[in-house]
Every structure is written in C-alpha cells, then in structure tokens.
Amino acid sequence: RCWLVYEDLGTSTLHDARRDAQRLTTAVDLIARLHARSANHALLPECRYHGADLGAAYVTANVTDALHLVERLGPGHSALPAEHAFVRERLWQWLRSLHAELPRRLALLADHGGPTVLLHGDLWTTNVFVLDGADGHEARLVDWDHAGVGSFVYDLSTFLLRFSPEQRPALLERYRAAVSSGGWTLPADRDLNVLFETAEFARYANRTMWPIIALLVDHAEWAYAELAVVAEWLEDWQPVLPA
C-alpha cells in the first residue's frame, strides 16, 4: 500500500474556477514548470521504474494489446452476443487502422514530442488546486498515483480537454510561452493535434482491453456497456485544437 499525504488544501479545485483567467494562468505555469524543470532529468529512469512509461511504449503496447484482444473476441465468440457484435466490429476497425498508423504517429512523437519529462499522469482539473497566497495565487497538484515519464503531450491533452474548445488555444499559448523561455519550442498546432490524438487514442485502447479481458475470463456482462462507451467516444471525437 502507498499512502499519499497532503496538506489540507480545502475544496478550491480548478474544476470550479475554469473561467478564472488568473487561476488558469497560475495552473498552466505550474504544469509548464513541472515539465520544463524535469526535462531529461537524471532521475527520470528511476521515476519510470517506480511509476510508468507513458511515452511511445505506452502507445504501442496499448494499441497492440487491445487489437489482439478484440480479434480474440471475434464474430461468433460465445462471450459476445449478436446484439453487441456491431460494437466489437467498430472497435476492431478503429484499432486495426490505428495499429497501421503507429509508425507514422511514433515518428511524429519522436520528432516533435519534446524531451522526456516527469508526468503527473492524471491531470484533470479536479487534481489541480489554485490557492490564495500572500503574494497572489499558488497552484498545487494532487493525486500523483498515476505519475510516470514520457512526452508532455500526455499531460497537456488531458488538461486541455477539460476545457471548452474556445478556451484551449489561449491555455496552449500560455504553456508554449512558459516552456519556450527555457529554449524548448512546441510544434505547430497541426502536429500537436496529431500528438494529442495519439495520446488520447492510446488511453481509449487501454480502456478497451479491460472489459474484453473481463468478458473472456469471467463473462462479465458489465463489459458490454463499457465497450459501448469507448465506441461512443470514438464517434464523438473532435481534434483538441481548432483546425
């Protein structure tokens, strides 16, 4: 067991202050500082060992494993009633296409994904606190149990998707300016959209695996609804940044 012990920060999470420009700026600056100061740090291998690798290996493993599992749950499988076959077909088509795109996506990640950094790993607005301090606002991040290492896009895509499409460009520009002061240049928005999509699709693939394992091993009926949710996410997917 691992206990995470925090100072009592109250209830003022960023989730309730998503329209407060000053608090948003403070939060983005902290995220950028975390990534910039940890870039290629000597302790990152140890962080990977004790945490997770959320970079290219994460993308490859999730997509490949999810595809193999969906193929095992093939047409006529006893664990898959006919009325749910269309969800399996949708996920199979998507994963097969995504697997074929892996070389291109991983090459873009290698070229434009920036340095390896420490990642919070679960950067929802509910895990960000912005407090009133003596010298202004102070930001804090909590719930580090999914921390790992990889490209900044893993954290940044999660964070940006918690905001409306209209808010995202300004948040990105604040992050871009913050990391550029240390000599780190982010790619163009078009490339960022592909990188963000790759990170999110790897998470979708991860969410596909566990219901299928539950179906194959335990014949868990709840898994049908979970797979349908992932299929719905795919139908609703839109680029993180405006085209």
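For the single chain, residues carry numbers from 1 onward in sequence order.
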Note, L69 side chain near L73 side chain (heavy atom, < 4.5 Å): no
Spacing of H146 atom NE2 and Y154 atom OH [to the nearest 0.5 Å]: 8.0 Å
Hey, what do you get for CG (L119) to CD1 (I31), rounding to the nearest 0.5 Å? 11.5 Å
Distance from Y58 atom OH to N206 atom CG, nearest 0.5 Å? 4.5 Å
Salt bridge (charged side-chain N to carboxylate O under 4.0 Å, His left out) partners for D143, two or more places apart: none
The reported gap from CZ in R88 to CG in L91 (rounded to nearest 0.5 angstrom) is 9.0 Å
Quick check: do E71 and H68 have side-chain heavy atoms less than 4.5 Å from each other? yes
Trace of the side chain to side chain contact (heavy atoms under 4.5 Å, CB included) decision for L172 with V28: CA-CA 9 Å; L172 173 64; V28 171; over 6 Å; no
R207 meets the side chain to side chain donor-acceptor pair (under 3.5 Å) criterion, sequence neighbours left out, with E226
Pairs in or reaching into residues 158-171: which pass salt bridge (Lys or Arg N to Asp or Glu O under 4.0 Å), with residues at least two apart or in two chains? none
Closest non-hydrogen atoms of V179 and A32, given as atom of the first, atom of the second and distance, are CG1-CB, 3.8 Å
With no hydrogens and no angle check, is any side-chain donor or acceptor of D218 less than 3.5 Å from a backbone partner on A214? no
Of all residues at least two apart in sequence or in a different chain, which pass the salt bridge (charged side-chain N to carboxylate O under 4.0 Å, His left out) check with D53? R48
W233: what forms a side chain to side chain donor-acceptor pair (under 3.5 Å) with it, not counting sequence neighbours? none
List for me each residue that meets salt bridge (charged side-chain N to carboxylate O under 4.0 Å, His left out) alongside E46, sequence neighbours excluded, and say none if there are none. none
Partner residues of R104 under the side chain to side chain donor-acceptor pair (under 3.5 Å) criterion, sequence neighbours left out: none
Determine the interplanar angle of the Y204 and W94 rings, folded into 0 to 90°, and report it as parallel if under 30°, tilted if 30 to 60°, perpendicular if over 60°. tilted
Mind checking whether L186 and Y175 have side chains closer than 4.5 Å, heavy atoms only? yes
With heavy-atom distances below 4.5 Å as the criterion, would you say the side chains of L156 and L195 are in contact? no
With a 4.5 Å heavy-atom cut-off, do L109 and S151 have their side chains touching? yes
Identify the heavy atoms of L141 and L30 that sit nearest to each other, and give their distance. CG-CD2, 3.8 Å
Here the salt bridge (Lys or Arg N to Asp or Glu O under 4.0 Å) pairs for residues 25-36, sequence neighbours left out, are D29-R174
Counting only pairs under 3.5 Å, give me each side-chain donor-acceptor contact of residues 126-134, with atom names and distances, residues two or more places apart or in other chains.
{"unit_1": "N127", "atom_1": "ND2", "unit_2": "D122", "atom_2": "O", "d": "2.8"}
{"unit_1": "D132", "atom_1": "OD1", "unit_2": "R23", "atom_2": "NH2", "d": "3.1"}
{"unit_1": "D132", "atom_1": "OD1", "unit_2": "H137", "atom_2": "NE2", "d": "3.3"}

Should the heavy atoms of other residues, nucleotides or ligands under 6.0 Å from CD of Q93 be counted, would the total exceed 12? yes
Please answer whether the main-chain N or O of H35 pairs with a side-chain N or O of S38 as donor and acceptor at a distance below 3.5 Å. yes
Between R105 and V59, is there a side-chain heavy-atom distance shorter than 4.5 Å? no
Nearest-0.5 Å distance, OG1 of residue T64 to CG of residue L98: 9.0 Å
Before you tell me yes or no, could you show the steps for V70 and R96 under side chain to side chain contact (heavy atoms under 4.5 Å, CB included), namely the whole-Å CA-CA distance, both residues' side-chain angles and the distance that decides it to 0.1 Å? CA-CA 10 Å; V70 169; R96 188 175 64 166; over 6 Å; no
Look at the side chain of T60 and the backbone N and O of A56, then say whether any donor-acceptor pair between them is shorter than 3.5 Å. yes
W124 atom CH2, neighbour heavy-atom count above 12 within 6.0 Å: no
Under a 4.5 Å cut-off applied to non-hydrogen side-chain atoms, are V153 and T198 in contact? no
One pair to check against side chain to side chain contact (heavy atoms under 4.5 Å, CB included): L24 and D20. What are the steps and the verdict? CA-CA 6 Å; L24 288 179; D20 187 321; 5.6 Å; no
CG of N62 to OG1 of T208: how many Å apart, nearest 0.5 Å? 9.5 Å
R176 versus T185, side-chain donor and acceptor atoms under 3.5 Å: no
Counting only heavy atoms not in E173, do more than 12 sit closer than 6.0 Å to its CD atom? yes
Report the residues that fulfil salt bridge (charged side-chain N to carboxylate O under 4.0 Å, His left out) with E232, sequence neighbours left out, ordered by chain and then residue number. none
Taking every heavy atom of L44 against every heavy atom of T116, the minimum-distance pair comes out as CD1-O, 3.2 Å
Closest approach of W222 to W210 (non-hydrogen atoms, all atoms of both residues): CH2-O, 4.5 Å
For residues 235-243, tabulate all N or O donor-acceptor pairs below 3.5 Å that involve a side-chain atom, not counting sequence neighbours.
{"unit_1": "E235", "atom_1": "OE2", "unit_2": "R90", "atom_2": "NE", "d": "2.6"}
{"unit_1": "W237", "atom_1": "NE1", "unit_2": "E197", "atom_2": "OE2", "d": "3.0"}

Flag side-chain contact, heavy atom, 4.5 Å: F196 against L160: yes
Heavy atoms of C47 and V149 approach each other most closely as CB-CG1, 3.8 Å
Could you tell me which residues satisfy side chain to side chain donor-acceptor pair (under 3.5 Å) with W144, sequence neighbours excluded, listed by chain and number? none
For a quick test of reading the model, state the closest non-hydrogen atom pair linking L14 to A27 and the distance between them. CD2-CB, 3.7 Å
Find out if a path of hydrophobic residues (ILVMFWY) with successive side-chain heavy-atom gaps under 4.5 Å connects Y49 to L43. no
Any donor-acceptor pair under 3.5 Å from Q167 side chain to R18 backbone: yes
